[in-house]
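Some notes on the structure that comes next.
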Amino acid sequence: VNPIAEVISAAERVSRGDLTTRIATKKGNDDLSALVNHFNDMTEALEKNDIERRQLLADIAHELRTPLAVLRGRLEGIVDGIYPVNDVSIAPALEETYLLERLVEDLRLLTLAETRKLHFELRELDITRLIEKVVNVFEPQAAEKQINLKSEFSGDLPKTWADPQRVEQIIGNIIDNALNYSHENSTIRIITEPFVKGVRVSVIDQGNGVPNEEVDKIFDRFYRSEKSRARASGGAGLGLAIVKQLVEGQGGSVGAENHPDGGLCVWFTLPEKPE
């Protein structure tokens, strides 16, 4: 009776919001021991989710604060007569609304993907043609930083089975991330090669890479390898989080590692067309 009373007492503490509650584990293979272990696993998961929720809210508030402050300051300056009412004065405020719109849309997309409510139009896809299309879009941005985008296609690539629009977004987010953290006069390689029942695309930059202990975190929401980066230069830290959800939602896998020659390699796989 005593151990069951302990479980009941612990459950009451959890119901009151104390998610740090744990029960001393019992040795044995009986049902009571299994109940205690499952209870502790449950409270640990609840505590972790609560911490992540609080951190998410703090991160969102942080990301919204800067553009809203700039927007408010600019508009107040116009109202007070500090800035003239013309295109030059209004343009910075308009730019901040674009940043806010992008942040809200990224959050919406990420939420839909995480809850598996995002619809995918799966079809046969020529990954080679799609990569060339995305690279052409980013060529002007790369040229401004004197960065060379180099596409490499290896072996006989099978037709993949994926949503063209989402794959374009995946590749675009990874290349955009690589451009943000690459040095001038460097090369970003986009390597596409056959993989087990599909294809693998690797984007390798020549930046500073990521500390080894943080490589697994780059797909977390609001992660930045350089904490001091502003949103305008480094983004909100949602791009790779979206990549992970979009890839896994189409049956692929995603990962990253520091390249032996320096820089970061972000890769993803997509399944081949089913027979």
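All heavy atoms count here, side chains included; hydrogens, waters and symmetry mates do not.
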Short question: side chain of [X], backbone of [Y] - any donor-acceptor pair under 3.5 Å?
X	Y	answer
S15	E12	yes
D18	T20	yes
S186	Q206	no
D205	S182	no
K273	P158	no
D106	G239	no
S89	V85	no
Q250	D163	yes
N208	Y181	no
T160	L125	yes

Minimum-distance pair of heavy atoms, taken over all atoms of L109 and L118: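 Scanning both residues, the minimum pair turns out to be CD1-CD2, 3.6 Å.
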Looking only at heavy atoms, which two atoms of V135 and I175 are closest? And how far apart? CG2-CD1, 4.4 Å
For a side chain to side chain donor-acceptor pair (under 3.5 Å) check, start with the C-alpha distance between Q245 and R166, then their side-chain angles and the critical distance, and finish with the verdict. CA-CA 10 Å; Q245 294 299 326; R166 298 306 180 188; over 6 Å; no
Applying the side-chain hydrogen bond (donor to acceptor under 3.5 Å, both in side chains) test to T43, which of R22, H38, K48 qualifies?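 For T43, the side-chain hydrogen bond (donor to acceptor under 3.5 Å, both in side chains) check succeeds only for R22.
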Who passes salt bridge (Lys or Arg N to Asp or Glu O under 4.0 Å) against R16, sequence neighbours left out? none
Applying salt bridge (Lys or Arg N to Asp or Glu O under 4.0 Å), name anything that partners E257, two or more places apart in sequence or on another chain.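 With neighbours one apart ignored, the set is R200.
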Student check: side-chain heavy atoms of [X] and [Y] closer than 4.5 Å:
X	Y	answer
L264	H259	no
E272	W161	no
N177	N173	no

State plainly whether the residues [X] and [Y] are in salt-bridge range, i.e. N to O under 4.0 Å.
X	Y	result
E105	R102	no
E248	K244	yes
D50	R53	yes
E152	R189	yes

For R123, which residues count as a side-chain hydrogen bond (donor to acceptor under 3.5 Å, both in side chains) partner, sequence neighbours excluded?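 So R123 forms no side-chain hydrogen bond (donor to acceptor under 3.5 Å, both in side chains) with any residue.
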Should the heavy atoms of other residues, nucleotides or ligands under 6.0 Å from NZ of K150 be counted, would the total exceed 12?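 Atom NZ in K150 is not packed in, count stays at 12 or less.
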